[in-house]
Amino acid sequence: MGQPRSERGLGIALVVAAAVAWSTAPFFTRLLPFDPWTILFWRGLFGGSLITVFLVLMQGRGSLRQLVVPGRGGLMVASLSTIGMVSFIPALQMTKVMNVAVLIATQPFVAAALAWLWLGEAATWRTLAASLVAFAGVAITVGGVAAGADIGGVALGCLMVLAISAMTVVVRRHRETSMVAAAALSNFLGSFVSLPFAHDIAHVGGSGLAILAAFGCLQVALGLTFYMLGSRLLPSGQASLIATLETPLMPFWIWVAFREVPAFHALIGGALVIGAVVADLAGDAPKRDESQSASP
């Protein structure tokens, strides 16, 4: 029997919401004058705290034990998520944003390959084709990879993509694990790792804390929680493909907040990404309908 239509639809909605939340990162980053590790520390602390509140509201105070004893699946997810988070900022420091963005666009391919190797979960040709179109769209949006890119930044970007792709597959594999608890734990681990390098902690004032709290709660807490909950309801390649909606949405928020009109190539690339995701989901709809009608 196929996956219930309502369950798959919920997974799609959650991952789309995660992409929207994640896309606000450049907006918040532009508002903050602190070093990246200070941002990571406070963002993780606020994000982890809000996710913990979600956990208690959903499962009761007894669920706090899952933060201390997360189990094998929860620990793997939290560790991979932390690696992805702490690799992202240094990668941006060591190479151009466009290079990191292009690497992120390869995530659907990496996640699909890992899911096939580990779970035997083969991605459809439609999803692979849509992922290729989305990759082309992101490459157009960010302007392509510069020939003189720093190898260290590119390497960290590759590590981030590998970690998040592996996390997507682990989430799919360990559906019985509390992914909300794993999301909270990953944020706290990220703060812990960032603390020794955070030099501006003492210089964060009230307005800075307010922005950091919004950053952690909206972009991190909601984004990561939605993605972890949604990705276990979808094939790994498709979940990663939907998440690429983050890239064309990034310049949209900058345009809304700072009136910076996106370049023409960014509009073309964004249209390709959105079109690829919509085409993949639309092509999947008839199968969901057939599965629903075949159910007793």
Does a donor on one side chain and an acceptor on the other come within less than 3.5 Å for R126 and Q238? no
Is the backbone N or O of D35 less than 3.5 Å from a side-chain atom of D200, with the two atoms forming a donor-acceptor pair by type? yes
Under the 3.5 angstrom rule, does the side chain of S186 hit a backbone N or O of A78 as a donor-acceptor pair? no
Hey, any chance F41 and L212 share a hydrophobic cluster, counting ILVMFWY side chains that come within less than 4.5 Å of each other, even indirectly? yes
Are more than 12 heavy atoms, taken from residues, nucleotides or ligands other than F192, located less than 6.0 Å from that residue's CZ atom? no
Are W22 and Y227 near enough that their ring centres are under 6.0 Å apart? yes
Same apolar cluster (I L V M F W Y, side chains within < 4.5 Å links), V220/F188: no
Would you say the side chains of S178 and Q66 form a donor-acceptor pair under 3.5 Å? yes
Please check: side-chain N/O of R172 versus main-chain N/O of A115, any donor-acceptor pairing under 3.5 Å? no
L195 with M85, same ILVMFWY side-chain cluster at under 4.5 Å: no
Is the distance between the ring centroids of F27 and W253 under 6.0 Å? no
Look at the side chain of S23 and the backbone N and O of V20, then say whether any donor-acceptor pair between them is shorter than 3.5 Å. yes
Using only atom types and a distance under 3.5 Å, with no angle test, would you say the side chain of S79 pairs donor to acceptor with the backbone of M76? no
Taking the side chain as every heavy atom from C-beta outward, state whether I164 and L80 have any atom pair closer than 4.5 Å. no
